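Only one structure is covered here, and it is reproduced in the block below.
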Amino acid sequence: MTADSRYDLTIDQLATLLEDQPAYRVRQVWDGLYQRLLAPTEMTDLPKALRERLDREAPPALAAALHLTSASGDTDKILWRLHDETTVETVLMRYDDRVTVCVSTQVGCAMACGFCATGQAGFDRHLTTGEIVEQVVAAARIAQPRRLSNVVFMGMGEPLANFTHVVAALHRLRDDLGLSARHLTVSTVGIIPGIRRLAAEQLPLSLAVSLHAANDRLRNELVPINRRYPLAALSQACAEYREATGRRISLEWAMIAGTNDSDRDAQELARFARPLRAHVNLIPLNPTPGWPTTASPRRRVREFRDLLDAAGVNATIRANRGVDIDAACGQLRARHANTASVTLKRRCDVSPEAG
Ligand code: SAH
């Protein structure tokens with residue numbers, strides 16, 4: 001593909017594309033893309049020939065290879081095929097008070113966290129700004145008539161390893177799609193230079209750090225990048241982020257039976273979280289084919305939460321959403337590795353898997 005995808009174009013590049021048109025067209029098309037969430041072919045206020053030319057010269061980046069809706073109807077998962085035949089996932093979650101989309105930032109991931117399906121598959125390439133933004137636009141269209149309110153960068157990939165494109169996408173989401181920066185969350189494995197650069201962006205984003213272990217020995221195993229950016233330095237970077245942005249950090253903790261769910265783990269986590277006044281999200285591990293561990297039992301997750309509570313740390317147990325549609329962490333792509341290249345445009349309800 002030679003042309004830039006439609007959400008990769010800056011407004012200046014769009015203006016160049018529309019050089020032969022009256023000047024007001026630039027704003028008209030830009031608003032069509034970002035305010036009305038329309039494809040050029042749907043912009044009926046444009047001359048037909050122009051619609052067709054824009055569709056060709058500013059093509060979409062994403063084609064749905066698979067679109068699943070959970071049996072409850074509150075979660076959608078889309079597997080996108082990109083121009084180079086690689087695939088990434090987007091998940092849309094409808095709650096009573098908000099509608100959240102979880103976007104991917106890379107095809108695969110180089111961070112190699114053993115329990116993560118994307119990490120198991122390795123790194124392919126970065127997504128472009130347009131490939132990230134278009135996931136949000138597509139989700140906002142699916143969410144209609146409800147309004148998409150939140151974006152979490154918790155899909156495939158490590159956002160801070162694709163810093164330039166991710167930050168450009170964040171600006172686009174706030175400035176052009178009109179989302180509040182407070183409703184944008186970047187989740188990182190803990191890339192310290194990225195956290196520092198993000199703090200300097202003057203965007204009051206929410207930052208989530210995937211901690212999973214609060215001693216270096218265990219974290220080196222679970223989150224290998226910890227060898228380069230160990231806990232003491234990570235804690236310092238989180239404190240600086242909080243100071244610079246005024247935003248509270250949240251810490252992600254996948255609950256893995258017999259691995260990071262002991263009383264001692266809770267104490268170590270509390271010692272890490274308390275000085276940062278961080279909020280902890282406890283997520284029962286989603287089992288993946290390449291990692292021989294299971295989620296902590298429900299009762300243990302609650303006890304762990306209570307231990308944190310007693311130690312003065314706020315913690316929320318996060319429900320697994322869309323388990324019936326492999327909505328967790330690269331699982332849809334892993335499962336459909338063989339079907340993803342087949343043109344399969346369907347939308348279906350699937351019922352929970354047995355066992
Ligand atoms: N690379 C970024 C964002 C993508 S992963 C990061 O690491 O934060 C989003 C979150 O899902 C991270 O907290 C990650 O550790 C967690 N995660 C990955 N695989 C998981 C699994 N199998 N079960 C539970 N959480 C998982």
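Keep in mind it's a predicted model, so treat the numbers as computed, not measured. Order of appearance sets the numbers: ligands from 1, and atoms from 1 within every ligand.
- When each of Thr188, Leu205, Val166 is paired with Phe153, the side-chain contact (heavy atoms from CB on, under 4.5 Å) condition holds for Val166 and for no other.
- Using a 4.0 Å cut-off to heavy atoms of Phe115, the atoms of ligand 1 that qualify are 15 (O), 17 (N), 18 (C), 19 (N), 20 (C), 21 (C), 22 (N), 26 (C).
- Applying the 4.0 Å criterion to heavy atoms of Cys116 picks out, from ligand 1, the atoms 18 (C), 19 (N).
- At a heavy-atom distance under 4.0 Å, no atom of Val223 approaches ligand 1.
- Residue contacts with ligand 1: Gly157 is placed with a nitrogen or oxygen under 3.5 Å of a nitrogen or oxygen of the ligand (distance criterion only).
- Side-chain N or O atoms of His126 include none that pairs as donor or acceptor with a backbone N or O of Gln106 at under 3.5 Å.
- Residue contacts with ligand 1 include Glu158, since one of its heavy atoms falls under 4.0 Å from the ligand.
- Distances from ligand 1 to the non-hydrogen atoms of Ala208 include no value under 4.0 Å.
- Of the heavy atoms in His212, only side-chain atoms (C-beta onward) come closer than 4.0 Å to ligand 1.
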Given side-chain contact (heavy atoms from CB on, under 4.5 Å), test Thr75 with Leu92 step by step and report yes or no. CA-CA 6 Å; Thr75 304; Leu92 176 68; over 6 Å; no
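- Heavy-atom proximity to Glu252, at under 4.0 Å, picks out these atoms of ligand 1: 13 (O).
- Heavy atoms of Thr288 found under 4.0 angstrom from ligand 1 belong exclusively to the side chain.
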